[in-house]
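I have a structure I would like to understand better, so I am pasting it below and will then ask my questions one at a time.
Computed over heavy atoms, backbone and side chain alike; hydrogens, waters and symmetry mates excluded. Lettering of chains follows the sequences in order, A, B, ..., and the numbering in each one begins at 1. Computed from a prediction, not measured in an experiment: that's the story for all the values here.
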There are 2 protein chains.
Amino acid sequence: MNAGRLAGFDGWRDLFIDRISRDNQRMTPQRLQIAETLYHHGHLNVDELHRRVRDIDQTVGYATVYRTLKLLERYGLVEVSHFADGTARYEVHVGGEDHHDHMICTRCGKIVEFENEAIEALQVEIAQAHGYKLTNHRMDLFGLCPSCQ
Amino acid sequence: MNAGRLAGFDGWRDLFIDRISRDNQRMTPQRLQIAETLYHHGHLNVDELHRRVRDIDQTVGYATVYRTLKLLERYGLVEVSHFADGTARYEVHVGGEDHHDHMICTRCGKIVEFENEAIEALQVEIAQAHGYKLTNHRMDLFGLCPSCQ
DNA sequence: CTAGGTGCAAACAATTTGCTGCTCA
DNA sequence: TGAGCAGCAAATTGTTTGCACCTAG
């Protein structure tokens with residue numbers, strides 16, 4: 001049932017492999033494991049990601065997780081978000097996919113993704129009205145999820 | 001010409017004094033100086049704020065700036081934003097005032113504030129559609145300001 | 001082979017906290 | 001007077017980097 005999900009990972013991983021070789025860098029089992037783990041559990045911070053990777057490969061170090069995330073970030077294959085807890089959270093970014101934003105439960109921390117074209121259009125208008133050329137944005141909604149209300 | 005601006009500070013400072021006494025805490029010259037400096041220069045990070053405060057009172061320490069900002073934050077008198085540079089930036093928050101968001105120039109760092117009711121309304125709709133009770137939000141637009149394009 | 005990667009530990013940077021003397025209410 | 005501050009420096013926490021050994025290509 002998650003064949004599509006796995007196929008999705010395969011495609012994304014192939015992008016990683018492609019970008020890494022064009023960049024004269026090497027693919028390693030650690031990098032692959034980090035990428036795969038992140039792909040299957042979005043919105044992880046480095047500590048959580050490191051723990052999950054370590055469940056599979058005991059030897060992977062913290063620094064390698066950071067360095068791999070930096071690589072993925074440079075290749076545009078992941079996106080970082082800084083929420084209130086002071087840690088950076090990562091999730092995979094699939095090229096042609098629409099940008100999405102986050103709604104975070106302030107009690108349990110659950111994160112829901114959403115996208116809204118009307119807001120995106122308004123953002124462009126606002127930027128133009130101030131003479132800015134919009135390149136990117138970040139929007140987080142905070143509140144209580146259904147089960148925490 | 002900035003009489004209105006000063007009057008604004010007076011009101012906000014009085015809120016600070018009021019909240020601080022209700023909280024069984026004390027007003028001190030350092031706290032007042034930190035509050036006043038922040039009021040007159042929004043979007044400062046701790047280092048910048050500390051430097052400006054020190055221009056006026058050489059003895060104020062880093063920790064006091066942090067502790068005062070925590071107080072102000074707890075009282076709802078300032079808002080924190082985490083932009084990409086890893087430091088927290090503070091600005092005063094006046095009670096009845098409408099929430100505003102930020103547009104940041106990715107080249108020179110200039111920050112413009114704006115507010116947009118249509119987007120706020122859409123945010124409420126999105127939250128409801130996911131069963132969330134919206135309490136707060138954050139929206140940052142990134143791009144190039146007119147002089148950096 | 002060898003440029004580049006890994007893990008570890010040390011270095012950094014932002015923020016917090018313990019402590020001792022000081023001060024507002 | 002006494003509970004609560006201030007300043008300093010040491011401690012934490014998140015992230016980066018130097019180095020000696022290891023490995024993908």
Hey, is A:Asp55 close enough to A:Arg51 for a salt bridge, meaning N to O under 4.0 Å?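 Looking at A:Asp55 and A:Arg51, the cut-off is not met.
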
Is a side-chain donor or acceptor of B:Gln149 paired with a backbone partner of B:Leu144 at a separation under 3.5 angstrom?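 Checking the backbone N and O of B:Leu144 against the side chain of B:Gln149, a donor-acceptor pair under 3.5 Å is found.
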
B:Asn45 near the nucleic acid: base, sugar-phosphate alone, or nothing, with a heavy-atom cut-off under 4.0 Å?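 Nothing: the residue B:Asn45, judged by heavy atoms under 4.0 Å, touches no strand.
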
Are side-chain heavy atoms of B:Asp140 and B:Arg138 found at a separation under 4.5 Å?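 Result yes, sub-4.5 Å side-chain heavy-atom pair found.
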
Using atom CG of B:Asp47 as one end and atom P of C:dA14 as the other, report the distance to the nearest whole Å.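 After rounding, the reported distance stands at 7 Å.
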
To the nearest Å, give me how far apart CG (B:Asp57) and P (C:dT23) are.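 Taking CG of B:Asp57 and P of C:dT23, I get 12 Å after rounding.
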
Is any side-chain heavy atom of B:Val53 closer than 4.5 Å to one of B:His50?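 A side-chain contact under 4.5 Å is absent here.
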
Euclidean distance, atom CG of residue B:Leu71 to atom C1' of D:dG4 [Å, nearest integer]: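 It works out to 11 Å between those atoms.
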
Rounded to whole angstroms, how far apart are CD on B:Gln58 and P on D:dC8?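 The answer, rounded to whole Å, is 11 Å.
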
Please report, rounded to the nearest Å, how far the C1' atom of C:dG4 is from the CZ atom of A:Arg74.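 Result: 13 Å.
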
Contact state string [nucleotides 16-25 of chain D, B base, S sugar-phosphate only, - no protein heavy atom under 4.0 Å]: BBB----BBS

As a test of reading the structure: which of C:dG7, D:dT15, D:dA6 is closest to the side chain of A:Ala88, going by heavy atoms?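 That would be D:dT15.
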
Please list, one pair per line, the donor and acceptor atoms closer than 3.5 Å that link side chains of residues 66-74 of chain B to other protein atoms, with sequence neighbours excluded.
unit_1, atom_1, unit_2, atom_2, d
B:Thr68, OG1, B:Thr64, O, 2.8
B:Arg74, NH1, B:Asp23, OD2, 3.4
B:Arg74, NH2, B:Asp23, OD2, 3.4

Mind checking if B:Asn24 touches a base, just sugar-phosphate, or nothing, with heavy atoms under 4.0 Å?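 The answer is sugar-phosphate, as B:Asn24 gets under 4.0 Å only of primed atoms, P, OP1 or OP2.
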
Whole Å only: how far is the CZ atom of B:Arg31 from the P atom of C:dC22?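 From B:Arg31 CZ to C:dC22 P: 19 Å.
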
Which pairs with one or both residues in residues 97-131 of chain B pass ring-ring contact (aromatic ring centres under 6.0 Å, His included), sequence neighbours excluded?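 Passing the test, one end in residues 97-131 of chain B: B:His43-B:His102, B:Phe83-B:His102, B:His99-B:His137, B:His100-B:His102.
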
Flag the pair A:Gln33 / A:Ile56 as yes when at least one side-chain heavy-atom distance between them is below 4.5 Å, and no otherwise.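 The answer is yes; the side chains approach within 4.5 Å.
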
Once you round it to whole Å, what is the distance between C1' of C:dT15 and CG of B:Leu49?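 Taking atom C1' of C:dT15 as the reference, CG of B:Leu49 is at 14 Å.
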
Which part of the nucleic acid, if any, lies within contact of B:Thr59, taking any heavy atom under 4.0 Å across all strands shown: a base, the sugar-phosphate backbone alone, or nothing?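 Answer is sugar-phosphate: B:Thr59 comes under 4.0 Å of backbone atoms only.
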
B:Leu32 has an atom CG; how far is it from atom P of C:dA25, in whole Å?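 From B:Leu32 CG to C:dA25 P: 11 Å.
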
